[in-house]
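Residues: numbered from 1 along the sequence shown.
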Amino acid sequence: VQLQASGGGLVQAGGSLRLSCAASGHTFSAYNMGWFRQAPGKEREFVAAISWSGGSTVYADSLKGRFTISRDNAKNTVYLRMNSLKPEDTAVYYCAATYGVGSIFPSGGARRPNEYAYWGQGTQVTVSS
């Protein structure tokens with residue numbers, strides 16, 4: 001699976017962004033999708049994940065209520081809507097994919113980067129105060 005993330009940019013605190021991640025190369029609808037982020041000097045951090053069917057989602061506790069993950073399997077795209085952005089949300093945001101059909105979602109691995117086999121290149125989100 002090839003993943004291409006887009007939609008990042010510079011936004012003021014309190015603003016919103018919607019990230020997109022377009023997939024190609026395999027049957028997108030068979031893959032659980034995740035969003036992670038990495039700020040300078042910090043480890044990659046789980047943001048949200050969605051099951052292959054789109055029927056289940058899971059979020060980092062600290063982001064629940066501000067961020068929404070969704071997918072459109074007809075468009076081979078997963079989205080991350082981010083509202084009420086804060087300067088601490090500044091990071092490179094990555095989308096990732098792992099084969100999901102037949103597996104339980106969310107598993108404990110849904111939050112772990114090493115559970116995902118495919119990664120996009122990342123898109124920078126900068127939130128100014």
Side-chain angles (χ1 to χ4, degrees):
V1 180
Q2 290 80 48
L3 303 174
Q4 180 75 35
S6 62
L10 174 63
V11 63
Q12 288 188 332
S16 299
L17 281 175
R18 188 181 78 160
L19 306 184
S20 299
C21 176
S24 61
H26 285 265
T27 305
F28 174 73
S29 58
Y31 287 78
N32 298 334
M33 300 297 296
W35 283 99
F36 292 79
R37 68 185 185 183
Q38 189 165 19
K42 295 188 177 181
E43 293 188 352
R44 195 163 292 191
E45 173 189 25
F46 171 74
V47 173
I50 188 167
S51 63
W52 57 273
S53 68
S56 297
T57 57
V58 62
Y59 295 90
D61 290 343
S62 62
L63 300 176
K64 202 177 301 183
R66 293 196 299 123
F67 288 17
T68 304
I69 189 171
S70 61
R71 68 188 296 161
D72 186 337
N73 284 346
K75 295 183 178 180
N76 290 354
T77 303
V78 63
Y79 304 97
L80 183 69
R81 177 70 178 182
M82 306 184 294
N83 294 329
S84 302
L85 283 163
K86 304 175 182 179
E88 52 263 43
D89 295 319
T90 295
V92 177
Y93 284 71
Y94 298 90
C95 57
T98 186
Y99 190 78
V101 176
S103 64
I104 296 172
F105 182 95
S107 67
R111 299 171 183 265
R112 292 195 293 264
N114 61 5
E115 291 293 317
Y116 292 80
Y118 305 97
W119 290 83
Q121 86 290 0
T123 185
Q124 175 71 47
V125 172
T126 303
V127 184
S128 63
S129 57

Same cluster or not: are Val78 and Val58 linked, directly or through other Ile, Leu, Val, Met, Phe, Trp or Tyr residues, by side-chain heavy atoms under 4.5 angstrom apart? no
Hydrophobic clusters here meaning ILVMFWY residues chained together by side-chain heavy-atom distances under 4.5 Å, can you tell me if Phe67 and Leu17 are in one?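 Looking at the clustering, Leu17 is in the same group as Phe67.
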So how far is it from [X] [atom1] to [Y] [atom2], rounded to the nearest 0.5 Å?
X	Y	atom1	atom2	answer
Asn76	Cys21	CG	SG	10.5 Å
Thr98	Arg112	OG1	CZ	11.0 Å
Met33	Leu80	CE	CG	11.5 Å
Phe36	Glu45	CZ	CD	10.0 Å
Leu63	Arg37	CG	CZ	4.5 Å

State, yes or no, whether a side-chain contact exists between [X] and [Y] at a heavy-atom distance under 4.5 Å.
X	Y	result
Phe28	Val1	no
Tyr94	Leu3	no
Arg44	Trp119	yes

Dump the intermediate steps for side chain to side chain contact (heavy atoms under 4.5 Å, CB included) on Leu19 and Val125, then the final yes or no. CA-CA 9 Å; Leu19 306 184; Val125 172; 4.0 Å; yes
Over all heavy atoms of both residues, which pair between [X] and [Y] is shortest? Give the atoms and the distance, please.
X	Y	value
Ser16	Asn83	OG-OD1, 2.9 Å
Ser129	Pro87	CB-CG, 3.8 Å
Thr90	Val127	OG1-N, 2.9 Å
Thr123	Gly7	OG1-N, 4.0 Å
Ala48	Tyr59	CB-CD2, 3.6 Å
Tyr93	Val47	CE2-CG2, 4.3 Å

Heavy-atom neighbours of Ile104 CD1 exceed 12 at 6.0 Å: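 Open.
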Does a sphere of radius 6.0 Å around NZ in Lys75 hold more than 12 heavy atoms from other residues, nucleotides or ligands, not counting ones at 6.0 Å or beyond?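 Not buried by this count: 12 neighbours or fewer within 6.0 Å.
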Inter- and intrachain pairs under disulfide bond (SG atoms under 2.5 Å apart), touching residues 99-129, at least two apart: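 Checked against disulfide bond (SG atoms under 2.5 Å apart) - neighbours excluded - no pair reaches residues 99-129.
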List the steps, then state whether side chain to side chain contact (heavy atoms under 4.5 Å, CB included) holds for Trp35 with Ile50. CA-CA 9 Å; Trp35 283 99; Ile50 188 167; over 6 Å; no
Could you check Asp89 against Lys86 for salt bridge (Lys or Arg N to Asp or Glu O under 4.0 Å), going step by step and ending with a plain yes or no? CA-CA 5 Å; Asp89 295 319; Lys86 304 175 182 179; over 6 Å; no
Should the ring pair Tyr118 and His26 be called parallel, tilted or perpendicular, given that the plane angle runs from 0 to 90° and is split at 30 and 60?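 If you compare the ring of Tyr118 with that of His26, the planes turn out tilted.
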With under 30° as parallel and over 60° as perpendicular, where do the rings of Tyr99 and Tyr31 fit, or are they tilted in between? perpendicular
Taking [X] for the side chain and [Y] for the main chain, is one N or O donor matched with an acceptor at less than 3.5 Å?
X	Y	value
Arg71	Asn32	no
Thr77	Ala22	no
Gln121	Ala5	yes

Please assess Arg66 against Met82 for the test side chain to side chain contact (heavy atoms under 4.5 Å, CB included), listing each intermediate value before the final yes or no. CA-CA 6 Å; Arg66 293 196 299 123; Met82 306 184 294; over 6 Å; no
Would you list the pairs meeting salt bridge (Lys or Arg N to Asp or Glu O under 4.0 Å) in which at least one residue belongs to residues 5-26, sequence neighbours left out? none
Check: Phe105 ring centre within less than 6.0 Å of Trp52 ring centre: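 Ring-ring flag for Phe105/Trp52: false, centres at least 6.0 Å apart.
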